[in-house]
Number of protein chains: 2
Amino acid sequence: MTSPLYAQVKEHILEHIRSGAWTPGTRVPSENELVESFSISRMTANRALRELTADGFLSRVPGVGTFVKEPPARSSLLELRNIAEEIAARGHKHAAYIDRQETIDAPQALAEEFELRQPARLFHLMMVHTENGVPVQLEDRYVNPFVAPQFNDQDFADITPTAYLVAAVPVDELEHTVEAIMPTAEQRELLDIGEHEPCLALHRRSWSKGHVVTVATLIYPASRYALYSRYKTSPSGTLSQ
Amino acid sequence: MTSPLYAQVKEHILEHIRSGAWTPGTRVPSENELVESFSISRMTANRALRELTADGFLSRVPGVGTFVKEPPARSSLLELRNIAEEIAARGHKHAAYIDRQETIDAPQALAEEFELRQPARLFHLMMVHTENGVPVQLEDRYVNPFVAPQFNDQDFADITPTAYLVAAVPVDELEHTVEAIMPTAEQRELLDIGEHEPCLALHRRSWSKGHVVTVATLIYPASRYALYSRYKTSPSGTLSQ
DNA sequence: TGTATAAGGTTGTATATACAGTATAGTCGG
DNA sequence: CCGACTATACTGTATATACAACCTTATACA
């Protein structure tokens, strides 16, 4: 049940970074120092530091040391933003209507998305967010009860699911997929849109400590919403090709 | 000058995947088989396979073996990536068809997007990218001749516009807008899609030293492409609410 | 025939060791 | 005072070895 040693070292370093104790530019312990303090071999320390470097948290300089990296500038498209706040920031009125709130047995496809080995139950939530009374987002969300057991006890008229989850569970990894879809009849009805209007579907998965927290599909009517991001690129040029 | 052994093994496997010799689901050599054929230690083979797994090219099952993973047809949202490379990375064949390559007087709307004060001329390029002969992206691009004067001298059958611009001009800021659209009749024809198929439109502007380099609209048929990103969240917690 | 067991191959992790390449600090000599 | 050399620390790579966990297949047994 205990995690591998190299993972423990990674977690130890990540916690110092998350807590703010080690700010960007700070030097982290060298491999030999980790060998001493954790009583591990150098190869194990090397693996921890090498993987954190590949993940973008650290940068290493031969002969000098290992340092906390500057976090990259990222777009709002890729951040976990709360739609209620976005709408409020535009000076408009947000409201939500809950269509379904239930607990289900995970079907095969969902179990795979949640990286579950055994059959399990999942929270399911379907709701519509409106801006000044006009539906702008259909939220179809599944949540892992193992990670967020009290999710289904919340009243999502008061707090959005995103806001609750971000506050309740430390998210350390995100995956986004964006595609264009033609909504189903049920989705059209919930969003109150015409028959041939395409929609943007934002599919999001989030992880916390190796477990999938939630799988959400957010559907935006094309005429009412676009996703936007603008950011400075890092000076070293992370741009490939 | 020779690359490390583990990198050579990675490249060897990637070439088999890119060339199509090893299709998704194919079993790749086990660690012990790589040990024999490359005359390396098992730890070196392990590192090559482990890193390719982390990069999403392989999947491993303890006790069974290592297999080529199904490559999703999707494009990175975070980076400025070259579609020809993305397609090659999936082991597929990229080709491009140039529909229009010209120099125009900037109309009002474009002049504003380029933040031009005075009337100016712009390069205009319209081309279609295909994957195994199937159109997957319609690229409608305008380029500022002041920033990239030799843009129009390139042969974009050889080098994609993105690849040329990234190499020729240091990009320091990016703007992305994503929306779902119903394509026009002309766009449908170029992409060879049906009448009611929605598309993803990725609108991109890039800046270099305060000047707009290029304004591009990239249109993806919904059924053939999605946009994707996955990343570790910055430790300090840039997540808003 | 059906079931338990054993064997062998596979990945996953961990260690001890070795050597190369790089950067820095200090020392020695001019 | 400055330059060359040296010692030291750090990362990067590679090997040989070991054990655990997992899966499949073959074998032995009831």
Side-chain angles (χ1 to χ4, degrees), chain A residues 1-14 16-17 22 24-70 111-112 115-119 207 209-211 236, chain B residues 1-14 16-17 22 24-70:
Chain A
M1 198 52 215
T2 63
S3 56
L5 291 179
Y6 77 91
Q8 293 179 31
V9 176
K10 285 177 74 173
E11 198 49 44
H12 171 260
I13 293 170
L14 278 178
H16 279 81
I17 298 178
W22 294 348
T26 304
R27 198 195 139 144
V28 309
S30 73
E31 297 184 355
N32 283 321
E33 287 166 347
L34 291 172
V35 164
E36 285 236 339
S37 57
F38 281 85
S39 299
I40 57 179
S41 75
R42 203 195 127 207
M43 284 306 297
T44 301
N46 176 273
R47 176 168 179 183
L49 293 179
R50 181 153 41 81
E51 290 191 358
L52 286 174
T53 304
D55 292 341
F57 293 112
L58 304 177
S59 70
R60 315 194 74 186
V61 182
V64 181
T66 305
F67 305 88
V68 178
K69 207 170 178 181
E70 199 73 41
E112 279 177 21
E115 299 172 348
L116 298 171
R117 295 203 167 192
Q118 303 156 355
W207 283 259
K209 296 176 182 169
H211 297 96
S236 55
Chain B
M1 201 52 220
T2 63
S3 57
L5 292 178
Y6 78 90
Q8 293 179 30
V9 176
K10 285 177 72 172
E11 199 47 46
H12 172 259
I13 294 170
L14 278 177
H16 279 81
I17 297 178
W22 293 348
T26 304
R27 195 192 142 146
V28 308
S30 72
E31 297 183 356
N32 282 321
E33 288 165 348
L34 291 172
V35 165
E36 286 235 338
S37 56
F38 280 85
S39 299
I40 56 178
S41 75
R42 205 196 126 206
M43 284 306 298
T44 301
N46 176 273
R47 176 168 179 182
L49 293 178
R50 181 152 42 82
E51 291 191 359
L52 286 175
T53 303
D55 292 342
F57 292 105
L58 304 176
S59 70
R60 314 193 75 186
V61 182
V64 181
T66 305
F67 305 89
V68 178
K69 210 170 179 181
E70 192 73 42

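Below, read A as the first sequence line, B as the second, and so on, with proteins coming before strands; counting in each chain starts at 1.
Rounded to whole Å, the distance from NZ on B/K10 to C1' on D/dG12 is 14 Å. In this structure, CD of B/E31 is placed 18 Å from P of D/dA21, rounded to the nearest angstrom. When rounded to the nearest whole Å, the span between CZ of A/R60 and C1' of D/dA9 equals 13 Å. Atom pair B/R42:CZ and D/dT13:C1' shows a separation of 18 Å (rounding to whole Å applied). In this structure, CD of A/E51 is placed 16 Å from P of D/dT11, rounded to the nearest angstrom. The interatomic distance linking A/E33 (CD) with D/dT8 (C1') rounds to 14 Å, in whole Å. Protein atom CG of A/L49 is 7 Å distant from nucleotide atom P of D/dT11, rounded to whole Å.
Where A/V64 and A/Y6 meet DNA chain C, the nucleotide closest to each residue was compared, and A/Y6 sits on the side nearer the 5' end. Sequence order on DNA chain C of the closest nucleotides to B/V28 and B/M43 puts B/V28 first from the 5' end. For the pair A/G65 and A/N46, both in contact range of DNA chain D, the more 5′-proximal nearest nucleotide belongs to A/G65.
The backbone N or O of B/S3 sits less than 3.5 Å from a side-chain atom of B/Q8, completing a donor-acceptor pair. Between the side chain of B/E33 and the main chain of B/S30, a donor-acceptor pair closer than 3.5 Å is present. Between the side chain of B/T44 and the main chain of B/I40, no donor-acceptor pair closer than 3.5 Å is present. Using a distance-only test at 3.5 Å, with no hydrogens or angles considered, no donor-acceptor pair links the side chain of A/H211 to the main chain of A/W207.
For D/dT13, the OP1/OP2 oxygens have no side-chain nitrogen or oxygen of A/R50 closer than 4.0 Å.
On the nucleic acid side, DNA chain C contacts chain A at distances under 4.0 Å to non-hydrogen atoms, with the end points of that region at C/dT13 to C/dA23.
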Exercise for the section: Start with the C-alpha distance between A/L34 and A/V28, add both sets of side-chain angles, then the distance that settles side chain to side chain contact (heavy atoms under 4.5 Å, CB included), and finish with yes or no. Expected result: CA-CA 9 Å; A/L34 291 172; A/V28 309; over 6 Å; no
Exercise for the section: Show your working on salt bridge (charged side-chain N to carboxylate O under 4.0 Å, His left out) between B/E36 and B/R42 and close with a plain yes or no. Expected result: CA-CA 9 Å; B/E36 286 235 338; B/R42 205 196 126 206; over 6 Å; no
Practice task
Quick one: do A/V61 and A/T66 satisfy side chain to side chain contact (heavy atoms under 4.5 Å, CB included)? Show the steps, please.
Solution key: CA-CA 6 Å; A/V61 182; A/T66 305; over 6 Å; no
Handout entry: Verdict with reasoning, B/F57 to B/I13, per side chain to side chain contact (heavy atoms under 4.5 Å, CB included)
Key = CA-CA 10 Å; B/F57 292 105; B/I13 294 170; over 6 Å; no
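If you check every strand for non-hydrogen atoms under 4.0 Å, B/I40 touches sugar and phosphate atoms only.
Taking five base pairs at each end of the helix from C/dT1-D/dA30 to C/dG30-D/dC1 and finding the rotation axis that steps the C1' atoms of four pairs onto the next four gives two axes whose angle is 20°, to the nearest 10°.
A salt bridge is defined here as a Lys NZ or Arg NE, NH1 or NH2 lying under 4.0 Å from an Asp or Glu carboxylate O, and B/E31 with B/R50 fails to meet this definition.
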